[in-house]
Enquirer: 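To start, I am sharing the structure in question, which I have written as structure tokens.
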Amino acid sequence: MTAALTVLHRSRERLRLRCPALRHRRLDPLYLQALLENVPGVRRVRINSIAASVTVWHEGDATLEQRVRALLDPLPQTVFTVPQSDQESVNPLTVVGLGVLAVFLRGVPPSIQGGISLMIALPTLLKGIDTLLDRGIKIDVLDAGAVAISLARRDYFTANMIVFLLRLGEYFEYFSQDKTSGLLRTLLRPQVDRVWVEQDGVEIELPLDRVEPGQTILCGSGEMIPIDGRVVHGEASVNQSSITGESVPVHKKAGDAILSGAVVEEGRLAIRVDAVGSETGLARINLFLQQSLRSSSETQRHSEQLAERLVPITLGLAGVIFLLTRDIRRTAAALTVDYSCAIKLATPITVRTAMYAAAHQGALIKGAATLDHLAAVDTLVFDKTGTLTEGRLQVTDVVPLTDLSPRQLLALAASAEEHYAHPIAEAVVGHAAAQGIDLLPISRVDFIVAHGVSAYVDGQQVLVGSRHFIHDDEGIECRSASVHEERLHGEGKSLLYIARGQCLEGVIALRDTLRKEASQVLDALKDSQRRLVVLTGDHEQTAKALHRQLPQIDAIHWQLKPQDKATLIEQLQQQGRNVAFVGDGVNDAPALVTADVGISMPSGADLARDAAQVILIQDDLNTLLHALEIADRAKHTLSEGFYAAVGGNSLFLLGALSGRIAPVTAALLHNLLTVSILGWSASRSLTFHATTPVNPVSGDRS
């Protein structure tokens, strides 16, 4: 949509634009604000939909206005995908003015007081009438009714104070919503506009948007790293807390990977750029966080529906009070007590703060619905390699079955696997390199996902993969390996079969290392009464060896294909279980999509990360545990907030019924309770403390 921008004010570090499209009823101002705040150089953004204006505070860059205009004109279609929230910004000065005016008018003659009070109440009355005609009996109708009754009784002070308290409550509600949304919007927001680039031995300063992959940037003490890359030279202490939640700075040196969003605390690094701008992990995480502001969970929708149903009940109780007592003062007091406010508003605040806390503990949750599903999980299904194990395989045995030597067999396998991005292939190629073995020329390479590799080495077809691939799919006899299989599988090793020209040339044994935190995390998950299942493509003996190491596992399944994993998850779901699947490979994508919650490890393949609803951004299973704990806490917080709202407002209603609480007092108590519940809901998630410290380590692709 064309924005038709007009500059209202321009100063060195502030820009205010008029944009009529901001009044569009389907505009999502929070999402647009998030987009603008992610423009490099922007410090803060305020959007006023009513005035159709946007104010941008920035770092004084002369080119920033052009970038802001490019984003606003035309407005991207993504900002119009949801209806505009009913929650509008509230000016605190207006609220203070209403309070002062309500007190001041007490000393004014009633004839003047009545006219001014009517003007003060008019927006509330008109909003109530409009709501009644357009949407039926909602909270705005109750508010208008309480104010109208007070005006009719010529109790102008009460009418004015009710309006003041309503606006004060709205301000605190808006403030709470805006702050919790802001936590997500700015959690990982880049703060860098220009960087120093090392070019032909000379350091030059360039705008960040001109930096390209392959260049080398320089970052010193106190500077944020705005790109994904790898350290070329230099050493530094790097704070990654905004990304991983890790409180202790990490030592980085040549060869170490660096994520955008980290801050150099001490030292200096030269970093080769791998990804910049929207391609960085930071940008992708920000996108998920922005999208999460727009989504609502089943719990949130249920809370909103329940809140709407309670409004007519409140109105009905007020009517009963009037019929029983004929006391219009008590009726007005009852109308100011509404059950729905706290119930309806506490849910999005709880969800957003929980997502913020989870991100700081190293788990990125894609939306409010995922948080709901995560809290309901009663069964956790793990892929073995790269999740319960390190995913860094090591070659332990090279066993020729023909006249080839171990070095020749290793050269054959490594040559075929050289270009395959898989942990087994990387282990074989790395072992060959460590042995100083030269690789053979290859051609016509085919990768068969979850099975193996077919390549032509020196003109002959070489097959490298699982026994199922070599024997069942390709029909090559594998009996010559039987004498070694039992021994190697019994030692908990995985076997790689190498065939050439329809003849099995030998096997290579590899062993993976169990994650150091795996047993402790599984103990905690078991204590939470969750069922633990492990799926693997490994041989039966290798799977059973893992089970002996991790007795907490309830069931383990072996020699599975990707579609088999998805089928087993479906079977668990048919048994009435809510299933979360944890994996990291391309072959895990079907299972990640099938599960109620798909969880990808940080080293996961792009397909796995896209398919997952939760992405762990720390290579530590404690992160998974913290995410589940935060989801559980959010669920309990919502339940406790509901009972607090119902219990507290019921007491206020009884006070109104008995005549012990005046309308002003009832409105004050109701708003205090609502704000208290909102603040408590937010603090419960934000004060989450991990029971186990998390120490992220770098992980390999799987």
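No experiment lies behind these values; they were computed from the predicted model shown.
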Enquirer: List the residues meeting salt bridge (Lys or Arg N to Asp or Glu O under 4.0 Å) with E418, not counting sequence neighbours, and say none if there are none.
Expert: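 Result, salt bridge (Lys or Arg N to Asp or Glu O under 4.0 Å) vs E418: none returned.
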
Enquirer: Above 12 or not: heavy atoms from other molecules or residues under 6.0 Å from CD of E491?
Expert: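 Enclosed.
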
Enquirer: Looking at Q541, E540, H547, which hits side chain to side chain donor-acceptor pair (under 3.5 Å) with K544?
Expert: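 The residue from Q541, E540, H547 that satisfies side chain to side chain donor-acceptor pair (under 3.5 Å) with K544 turns out to be E540.
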
Enquirer: Does atom NZ (K635) have a neighbourhood of more than 12 heavy atoms from anything else shown, all under 6.0 Å?
Expert: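 Not more than 12 within 6.0 Å, no.
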
Enquirer: Which heavy atom of A354 sits nearest to which heavy atom of L371, and what is that distance?
Expert: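 Of all heavy-atom pairs spanning A354 and L371, the closest is CB-CD2, 3.8 Å.
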
Enquirer: Does a salt bridge link E629 with R633, judged by any charged N lying under 4.0 Å from a carboxylate O?
Expert: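 R633 and E629: not salt-bridged.
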
Enquirer: Got V579 and V377 here, is their nearest side-chain heavy-atom distance under 4.5 Å?
Expert: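 When only atoms from C-beta onward are counted, V377 and V579 do not touch, as no gap falls below 4.5 Å.
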
Enquirer: Taking all atoms of both residues into account, what is the closest heavy-atom pair of I508 and A413, and its distance?
Expert: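 Shortest heavy-atom contact: CD1-CB, 3.8 Å.
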
Enquirer: Specify the closest pair of heavy atoms between T623 and Q361, including all atoms of both residues, with the distance to one decimal.
Expert: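 Looking at all heavy atoms of both residues, the closest pair is CG2-O, 3.4 Å.
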
Enquirer: Under the side-chain hydrogen bond (donor to acceptor under 3.5 Å, both in side chains) rule, what do R577 and T379 come out as? Steps first, then yes or no, please.
Expert: CA-CA 7 Å; R577 294 192 169 274; T379 302; 3.3 Å; yes

Enquirer: Can you find a pair of side-chain heavy atoms, one from L550 and one from L388, that are under 4.5 Å apart?
Expert: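 Sidechains of L388 and L550: in contact.
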
Enquirer: Output all residues satisfying side-chain contact (heavy atoms from CB on, under 4.5 Å) with A545, sequence neighbours left out; order by chain, then residue number.
Expert: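 R548.
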
Enquirer: Side chains of L525 and F382: closer than 4.5 Å at any heavy-atom pair?
Expert: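 In contact.
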
Enquirer: Measure the spacing between CG of D256 and CZ of R230 and express it to the nearest 0.5 Å.
Expert: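 Answer rounded to 0.5 Å: 7.5 Å.
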
Enquirer: Verify salt bridge (charged side-chain N to carboxylate O under 4.0 Å, His left out) between D620 and R515, making sure each step is shown before the conclusion.
Expert: CA-CA 8 Å; D620 190 313; R515 286 181 180 271; over 6 Å; no

Enquirer: Using the rule side-chain contact (heavy atoms from CB on, under 4.5 Å), only one of T594, L380, L592 pairs with F581; which is it?
Expert: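 When T594, L380, L592 are each tested with F581, the side-chain contact (heavy atoms from CB on, under 4.5 Å) holds only for L592.
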
Enquirer: Can you find a pair of side-chain heavy atoms, one from V507 and one from L496, that are under 4.5 Å apart?
Expert: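 No; the side chains remain at least 4.5 Å from each other.
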
Enquirer: Can you check whether R511's main-chain N or O pairs, donor with acceptor, with Q394's side chain at less than 3.5 Å?
Expert: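 A pair under 3.5 Å: no.
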
Enquirer: Distance check, rounded to the nearest 0.5 Å: E417 atom CD versus I424 atom CD1?
Expert: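 One finds 7.5 Å between CD of E417 and CD1 of I424.
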
Enquirer: Any donor-acceptor pair under 3.5 Å linking the side-chain atoms of D378 with those of Q529?
Expert: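 There is no such pair (donor and acceptor under 3.5 Å, judged by atom type) between the side chains of Q529 and D378.
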
Enquirer: So, Q552 and S519: side-chain donor and acceptor under 3.5 Å apart, yes or no?
Expert: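 Yes, a side-chain donor-acceptor pair sits under 3.5 Å.
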
Enquirer: Using a strict threshold of under 4.0 Å (side-chain N to carboxylate O), is an ion pair present between K493 and D397?
Expert: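 Salt bridge present between D397 and K493.
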
Enquirer: From I498 CD1 over to I470 CD1, what is the distance, rounded to the nearest 0.5 angstrom?
Expert: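 Result: 8.0 Å between the selected atoms.
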
Enquirer: Who pairs with E474 by side-chain contact (heavy atoms from CB on, under 4.5 Å), at least two apart in sequence or on another chain?
Expert: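 E474 satisfies side-chain contact (heavy atoms from CB on, under 4.5 Å) with L463, F469, I476 once adjacent residues are dropped.
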
Enquirer: So, E517 side chain and L621 main chain: donor-acceptor pair closer than 3.5 Å or not?
Expert: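 Yes.
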
Enquirer: Any idea which heavy atoms bring I365 and A358 closest together, and the distance?
Expert: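 Closest pair (atom of I365, atom of A358, distance): CD1-CB, 3.7 Å.
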
Enquirer: Could you go step by step and tell me if V534 and W558 meet the side-chain contact (heavy atoms from CB on, under 4.5 Å) rule?
Expert: CA-CA 9 Å; V534 174; W558 50 83; over 6 Å; no

Enquirer: For the atom pair CG (L374) and CG (D596), what is the distance rounded to the nearest 0.5 Å?
Expert: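 Answer rounded to 0.5 Å: 11.0 Å.
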
Enquirer: Got a second to check how far T350's OG1 is from E640's CD, nearest 0.5 Å?
Expert: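 Here the interatomic distance stands at 10.0 Å.
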
Enquirer: Are any of the side-chain heavy atoms of L514 and L546 separated by less than 4.5 Å?
Expert: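 Sidechains of L546 and L514: in contact.
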
Enquirer: Which atoms form the tightest heavy-atom contact between A363 and V614, and what is the distance?
Expert: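 Of all heavy-atom pairs spanning A363 and V614, the closest is CB-CG1, 4.5 Å.
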
Enquirer: With heavy-atom distances below 4.5 Å as the criterion, would you say the side chains of H373 and N578 are in contact?
Expert: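 They are not in side-chain contact.
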
Enquirer: Any donor-acceptor pair under 3.5 Å linking the side chain of D274 with the backbone of D228?
Expert: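 No; zero donor-acceptor contacts below 3.5 Å.
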
Enquirer: Might you point out which heavy atoms bring L495 and A509 nearest each other, and give the distance in Å?
Expert: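 In this case the closest contact between L495 and A509 is CD2-CB, 3.7 Å.
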
Enquirer: NZ of K384 to NE2 of H557: how many Å apart, nearest 0.5 Å?
Expert: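 These two atoms lie 15.5 Å from each other.
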
Enquirer: So, do T396 and L488 sit near enough that their side-chain heavy atoms are less than 4.5 Å apart?
Expert: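 Not in contact.
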
Enquirer: So I553 and V533, do their side chains get closer than 4.5 Å, heavy atoms only?
Expert: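 With C-beta onward as the side chain, the pair stays apart.
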
Enquirer: Please check if atom CD in E570 has more than 12 non-hydrogen atoms from other residues, nucleotides or ligands closer than 6.0 Å.
Expert: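 Enclosed: over 12 neighbouring heavy atoms sit under 6.0 Å from CD of E570.
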
